[in-house]
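Notes for the one structure printed next.
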Amino acid sequence: MGSKHFENRARREWWSLHIEAWRRSGLGIRKYCQQQRLTENTLRRWLKRLAGDETALKLEKYQTELRRERARDEREKALRKQKQRKFTITSDVRNRASQAFWAMHVEALNWSGMELRAYAAAMQLSPHSLRKWRDRLATGEVTIDWRAHLHPPPVQPLALVLGTHSPNAA
């Protein structure tokens, strides 16, 4: 490729915009090029041409270190969040469904006569969670009738409740 190729003003502006966008994105060159459908080698060539060889290498190393640092921060944040989570029993409707689900499986486990691990494997459940819920239900920490959630009582039609419809009126 001749030197005139790199002297073209429109090309220089176009590639300098892409290099600036890549720098601000925080992505690696490969990922950025895949997203923008650019050739990785061409972006590297223009980066070296526009920023100089030494500066291009420094910028690339800086971006790599920045990505590693962000990933490390995300992992640490996830670990802190995981440590903060503690199980609490509430009467919240959203948790009632979960409680009913586990109560049903604990009862099925008791009736099946299977070992906990075998039942968990057969049902593709977490043995740890199943054991935890079995213990909670056994100690009375959670009391729930899962059948009531599975088969709610029938609802009367609104007209009968309001008394606007009389079965004898005809």
Side-chain angles (χ1 to χ4, degrees), residues 1-106 108-109 114-137 141-142 144 146 149-150 152 155:
M1 206 170 292
S3 61
K4 292 202 180 229
H5 178 79
F6 293 103
E7 292 172 10
N8 183 312
R9 187 171 159 216
R11 279 192 192 114
R12 287 179 78 85
E13 286 180 21
W14 194 81
W15 281 104
S16 64
L17 287 173
H18 269 293
I19 289 169
E20 183 63 24
W22 162 71
R23 191 180 65 75
R24 288 183 181 187
S25 72
L27 298 172
I29 288 181
R30 176 171 291 146
K31 187 84 168 174
Y32 179 81
C33 288
Q34 285 174 348
Q35 284 182 355
Q36 300 296 320
R37 296 183 181 201
L38 299 172
T39 307
E40 186 179 338
N41 289 336
T42 307
L43 181 66
R44 289 182 193 280
R45 193 177 316 119
W46 276 99
L47 179 62
K48 287 178 185 175
R49 185 64 130 179
L50 295 172
D53 290 343
E54 205 172 301
T55 308
L57 282 174
K58 285 181 183 176
L59 184 60
E60 225 175 306
K61 285 181 183 177
Y62 170 74
Q63 290 283 36
T64 303
E65 186 58 36
L66 192 62
R67 278 194 315 279
R68 285 184 185 147
E69 191 175 311
R70 283 182 187 158
R72 190 176 8 201
D73 289 345
E74 287 296 319
R75 281 193 305 272
E76 288 172 2
K77 185 179 176 183
L79 283 174
R80 280 193 307 271
K81 193 173 184 179
Q82 192 176 34
K83 285 180 183 177
Q84 289 174 351
R85 285 189 210 137
K86 297 209 179 196
F87 181 83
T88 56
I89 303 294
T90 65
S91 59
D92 190 5
V93 175
R94 290 172 295 188
N95 288 335
R96 297 300 251 174
S98 173
Q99 292 171 1
F101 172 83
W102 286 108
M104 178 193 70
H105 278 291
V106 168
L109 166 68
M114 296 172 75
E115 292 289 324
L116 187 133
R117 284 196 173 279
Y119 181 84
M123 294 295 149
Q124 298 179 347
L125 298 172
S126 161
H128 173 75
S129 296
L130 186 59
R131 184 177 301 111
K132 206 171 180 182
W133 279 96
R134 181 193 63 189
D135 295 344
R136 283 190 185 126
L137 291 162
E141 184 181 343
V142 177
I144 188 164
W146 63 269
H149 291 278
L150 187 63
V155 179

- For Q36, does the CD atom have more than 12 heavy-atom neighbours from other residues, nucleotides or ligands under 6.0 Å away?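 Atom CD in Q36 is packed in, count exceeds 12.
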- Just wondering, are more than 12 heavy atoms of other shown residues or ligands nearer than 6.0 Å to CZ in R67? yes
- For M123, enumerate each residue passing the side-chain contact (heavy atoms from CB on, under 4.5 Å) test, keeping only those at least two apart in sequence or located in another chain. H105, Y119, L125
- Looking at residues at least two apart in the chain, or sitting in another chain, which of them share a side-chain contact (heavy atoms from CB on, under 4.5 Å) with R70?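 Partners of R70 by the side-chain contact (heavy atoms from CB on, under 4.5 Å) criterion, ordered by chain and then number, come out as L66.
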For the atom pair [atom1] ([X]) and [atom2] ([Y]), what is the distance rounded to the nearest 0.5 Å?
{"X": "M104", "Y": "W102", "atom1": "CE", "atom2": "CH2", "result": "9.5 Å"}
{"X": "N8", "Y": "E13", "atom1": "CG", "atom2": "CD", "result": "9.5 Å"}
{"X": "T39", "Y": "W46", "atom1": "OG1", "atom2": "CH2", "result": "13.5 Å"}
{"X": "S16", "Y": "R11", "atom1": "OG", "atom2": "CZ", "result": "13.5 Å"}
{"X": "R45", "Y": "L43", "atom1": "CZ", "atom2": "CG", "result": "10.5 Å"}
{"X": "L47", "Y": "T42", "atom1": "CG", "atom2": "OG1", "result": "12.0 Å"}

Quick check: closest heavy atoms across [X] and [Y], and the distance to 0.1 Å?
{"X": "A103", "Y": "L137", "result": "CA-CD1, 3.5 Å"}
{"X": "W15", "Y": "L50", "result": "C-CD1, 4.2 Å"}
{"X": "E60", "Y": "I29", "result": "CD-CD1, 3.7 Å"}
{"X": "A120", "Y": "S126", "result": "CB-C, 4.4 Å"}
{"X": "Q63", "Y": "G26", "result": "OE1-CA, 4.1 Å"}

- Is the Lys NZ or Arg CZ of R136 less than 6.0 Å from the centre of W133's six-membered ring, within 45° of the axis? yes
- Message: One thing to verify: whether R24 and E20 come together as a salt bridge, which I'm taking to mean a side-chain N less than 4.0 angstrom from a carboxylate O.
- Response: yes
- Message: Working note: K61 + E65, criterion side-chain contact (heavy atoms from CB on, under 4.5 Å); need CA distance, chi angles, decisive distance, verdict.
- Response: CA-CA 6 Å; K61 285 181 183 177; E65 186 58 36; over 6 Å; no
- With sequence neighbours excluded, residues passing side chain to side chain donor-acceptor pair (under 3.5 Å) with E69: none
- Validation row, ring centre W22 to ring centre H18 under 6.0 Å: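 They do not qualify: ring centres at least 6.0 Å apart.
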